[in-house]
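See below for the structure under consideration.
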Amino acid sequence: GGGFRAEELAVYDALVIRYDAAKGGTRQPMHRDAALLSVNIALSSPDEYEGGGTLFQTVGGGPVRLGRGHAMAHASGVRHAGAPITAGERWVLVVF
C-alpha cells in the first residue's frame, strides 16, 4: 500500500510559543509548517487567557481551543494561525 512507515518519521522542529497579551505577543499569522504533520499541545488552561486557539483557513467557524494537556494533530500543509488573545498568557508546544 501507500503511505509511509513509522520509522521514516522524524521531528523537523519543536518549539514553545508564548502568547502574552500584556506584551503585545498575541497571535501567529496564517502560515503552513514545513513538515508532513503538525501537533499542537496546550500547555495553558483556557481559563488562563481570553480568545486564542488555532484557526484553520479551510474550516469555517471559530478557533479550536484545547484544554491543558490536550493535543491536536493536523496536516502541516493546511494554512493555520494562532488566534489573537485579548488577556492573559497562552503557552503551546508545537511539534512538526
Kindly compute the distance separating [atom1] ([X]) from [atom2] ([Y]), expressed to the nearest 0.5 Å.
X: His80; Y: Met30; atom1: NE2; atom2: CE; result: 9.0 Å
X: Trp91; Y: Asp20; atom1: CH2; atom2: CG; result: 8.0 Å
X: Ser38; Y: Met72; atom1: OG; atom2: CE; result: 9.5 Å
X: Ile85; Y: Arg27; atom1: CD1; atom2: CZ; result: 12.0 Å
X: Thr58; Y: His74; atom1: OG1; atom2: NE2; result: 10.0 Å

Shortest non-hydrogen contact between [X] and [Y], atoms and distance:
X: Ile41; Y: Ala71; value: CG1-CB, 4.0 Å
X: Ala42; Y: Gly67; value: CB-O, 3.4 Å
X: Ala83; Y: Pro63; value: CB-CB, 4.0 Å

[X]-[Y] co-clustered via ILVMFWY side chain contacts under 4.5 Å:
X: Phe96; Y: Val16; result: no
X: Val78; Y: Leu55; result: no
X: Leu36; Y: Val11; result: no
X: Val94; Y: Tyr49; result: yes
X: Leu66; Y: Val39; result: no

Could you walk me through whether Leu93 and Asn40 pass the side chain to side chain contact (heavy atoms under 4.5 Å, CB included) check? CA-CA 6 Å; Leu93 171 61; Asn40 297 15; over 6 Å; no

I'd like to check Gln28 versus Ile17 (side-chain heavy atoms, cut-off strictly below 4.5 Å). Are they in contact? yes

Check for a donor-acceptor pair, side chain of Ser76 on one end and backbone N or O of Ala34 on the other, with a separation under 3.5 Å.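 A pair under 3.5 Å: no.
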
Sort and list the pairs that fulfil salt bridge (charged side-chain N to carboxylate O under 4.0 Å, His left out) and have at least one residue in residues 82-96, not counting sequence neighbours. Arg18-Glu89

